[in-house]
Structures are given as structure tokens and as C-alpha cells.
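I have placed the structure first, in the form of C-alpha cells, so that the comments after it can refer back to it.
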Number of protein chains: 2
Amino acid sequence: MPHDSHSKPQTGPALNAAQARALGALQAAGRPLTAYEVLDALREDQPRAAPPTAYRALRRLIDLGLVHRLESLNAYTPCVHEHDAADAGASQATLFAICDDCGNVREITDAPLARRMRQLAEEGAFTPASTIIEMHGRCGGCASEGGA
Amino acid sequence: MPHDSHSKPQTGPALNAAQARALGALQAAGRPLTAYEVLDALREDQPRAAPPTAYRALRRLIDLGLVHRLESLNAYTPCVHEHDAADAGASQATLFAICDDCGNVREITDAPLARRMRQLAEEGAFTPASTIIEMHGRCGGCASEGGA
DNA sequence: GAGACGAATGTTATATTGTAACCGCTGAGC
DNA sequence: GCTCAGCGGTTACAATATAACATTCGTCTC
Ligand SMILES: [Zn+2]
Ligand SMILES: [Zn+2]
Ligand SMILES: [Zn+2]
Ligand SMILES: [Zn+2]
């Protein structure tokens, strides 16, 4: 199979088969997937795929700003924003609200939050390259269901 | 050796030998340690210690608010504040500024940041239980040294 | 077109991080 | 003394991630 690099340069920046499959699996899942769950998805196309294939695809998707890694879960989730790929995390501060009950993840960007983070970094003579903010807790839906 | 639970209830909340050793190692290191590095330290006392010993000690220290886990490094660092143990991360927002050059970690708590995080959670009907904020980048020292 | 080269991907093996499950001691209560 | 619960030790293994090498494929040169 040839690269599909030439097929649609306008839709996205040249995803190969594994990368497209991984992104699709993440978008379809509705919850964060681990690297090995993504690997299972890749194996529907390429039954002999091994861990590095999944990790490479995920790394690429992250570099493109299409996917985020949730450090506190060792899992990956598709981005719902339009990040500036080169700038993921520095000027934007992306907050993930992770429900520990249902697994739902919401991605939030907030300018005041980002401003305050930049200011704190500056006060400490720190030059941020990337930032992760992960809030664990309970989402509204789960709070009203399991009320107690 | 008996538990030292009874020896000094006023200094700290009953650390056993492994816990005290782990905390000492983390404080002496000057940089975050992985669980297996802590395990190596424990083995100076108990040469046959196994991973669960280190993980249990670290879990206990984290529950007591004496140690933090850095999710983005899979590593552990001693707390430099006086956290309310039960409340680690909910009302306080602790930010870690991690230098990717020298490995130095600075722990920062900031009330405006915490306020903004609480507000964002509330707007999204989210009830936070714990929050991690980890900023990667370059500290002032490294920036002036390796200037280029 | 043949051959040399380099980038990307496939493949194997292994490193790192973390936990389940069971065992045995010890101390409290009876 | 006996029982039992809880803690910590121990074994074994699971889950996450990467190093290192082999192969493929496009491209450039001649
Ligand atoms: Zn995003
Ligand atoms: Zn929920
Ligand atoms: Zn702290
Ligand atoms: Zn530094």
C-alpha cells in the first residue's frame, strides 16, 4: 500500500493508515483509550501490529495536536479544539476534567487560567514548554444519578 | 523491630521504618525519584524488600500529604508545604514546575489559580477530588547557563 | 535501469512501572 | 492460651513503554 500522503493534503497533514485508524478509534470510543487498546484497533487492519506501531501513531497524532495524552490515566483522548500544534500547552492551558465514575473527559481551555499560569511561570523565571492540568472528580451526570 | 507508631505521635503521624526511609531518600535526593529508586533506598535497610514495599510506603506518604506523585514523570517528590492531608488538590491547587534540563522541581501553590480552577469546575457542574498541574520547561538557572 | 542512500515502518526483544494474591507475623481482645 | 484482624513480606505477574535491529520503499545519481 502506498502512502496516502498525496491524497488529501488539505483535510489533514498526511496521516498514514495507522495514524488515521488510531484517531478514528479514539474518536469512536467516547472515552480515553490506553495505547494497547489503540493497538487492538490497529490490529483490525494489521493483525501483526506491535506496540511500537501504536506508540508511533499516537506520538505523531499528539505532535499534530490531534490527540492528548492523559498522564494520570496513561491514556489518550482525541482533541476537541483547534490547537496550534507547535504551541500545545505553552500559551494555551488545557484542562481535562476526568470523571472517575463514568470515565467521561471534558477538555476545557480558559484564557484567565492560562494567563495566571504564565504569570506564575514568569515570576519564577521559568520558561514553560508544555503544561498538563488534569482534574479528577465527579461529573454532573454522575453526581445527580448516584446522588448519595 | 516493633512499630514505631508509639514513639513520636507529635512529630508525625506514625511512620514505620520503610516510610521514614522512603521519605528521607526523597528529601535527600534533591530531585524526583522513581518508585524503584526509592526501593533501592529501602534495600539499604532491608535488602530483600520488593516493589510492593516501596509502593505501599509511597502511597502512605502521599495519603499523609508528605509526598506528591508527578504523573508526567512517574516519579515522586517530597512536599515542601503543609497541605491539609485530606484535601490534597481539591481546594488547593499545587503546581509543579519541572525543569527538563536539570530535573529540578518547584512546588507552587497559588490562591488565584486555585480559585479559577474551582470556578471552572463549578461552571461545568464538576466536583473535583484532586488536581494535578505539571508544567514542563526550563528553569531560570538552566536558561542563563545554556543561554543559546 | 542499476545501485546507493535515507526515511519510515515492521519486528523482536526487553525495560520500566505497577499490582494481585497469598503468607506469616504480631498484637489486641477474649 | 486461642482467635482473629491488620499489616507488611513475598512471589508472581500484569500493564506500560522503548531500544535495537531488519525490512521496505521512494529517491537520487549515474
Ligand atoms: Zn485539545
Ligand atoms: Zn461521570
Ligand atoms: Zn505539597
Ligand atoms: Zn533547570
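In the text below, chain A, chain B and the rest are named by the order of the sequence lines, each starting its count at 1. Just so it is clear, the model here is predicted, and its values are computed rather than measured.
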Rounding to an integer number of Å, can you tell me how far [X] [atom1] sits from [N] [atom2]?
| X | N | atom1 | atom2 | answer |
| --- | --- | --- | --- | --- |
| B/Tyr76 | C/dG18 | OH | C1' | 8 Å |
| A/Glu37 | D/dT16 | CD | P | 8 Å |
| B/Gln19 | D/dG8 | CD | P | 6 Å |
| A/Arg43 | C/dT11 | CZ | P | 11 Å |
| B/Leu39 | C/dT16 | CG | P | 13 Å |
| A/Leu15 | C/dA8 | CG | P | 15 Å |
| B/Gln46 | D/dG9 | CD | C1' | 9 Å |

No-hydrogen, no-angle side-chain donor-acceptor test under 3.5 Å, B/Asn74 and B/Arg69:
yes
Any side-chain donor near an acceptor of the partner, B/His136 and B/Ser72, under 3.5 Å
yes
Side-chain N or O of A/Thr53 versus OP1/OP2 of C/dG10: is the shortest distance under 4.0 Å?
yes
Hey, does the side chain of B/Arg48 come within less than 4.0 Å of D/dT11's phosphate (OP1/OP2), counting only N and O?
yes
Between A/Thr34 and B/Ala18, who's closer to the 5' end of DNA chain D by nearest nucleotide?
B/Ala18
Mapping B/Ala49 and A/Asn74 to their closest nucleotides on DNA chain D, which lands nearer the 5' end?
B/Ala49
Selected nucleotide, minimal atom distance to A/Ala50 side chain, candidates C/dT12, D/dA17, C/dG18
C/dT12
Using the side-chain heavy atoms of B/Arg69, tell me which of these nucleotides is nearest: D/dA17, C/dG18, D/dT10.
C/dG18
Write out a two-atom table: protein N or O, nucleotide N or O from nucleotides 18-20 of chain D, distance below 3.5 Å.
none

Quick one: list whatever passes ring pair (Phe, Tyr, Trp, His ring centres under 6.0 Å) with B/Phe96, sequence neighbours left out.
B/His68
So, for A/Cys99 and A/Arg138, which heavy atoms are closest and what is the spacing to 0.1 Å?
SG-CA, 4.0 Å
Kindly indicate whether the side chain of A/Cys79, heavy atoms from C-beta on, has any atom under 4.5 Å from the side chain of A/Leu66.
no
Between A/Arg118 and A/Glu123, is there a salt bridge with N-O shorter than 4.0 Å?
no
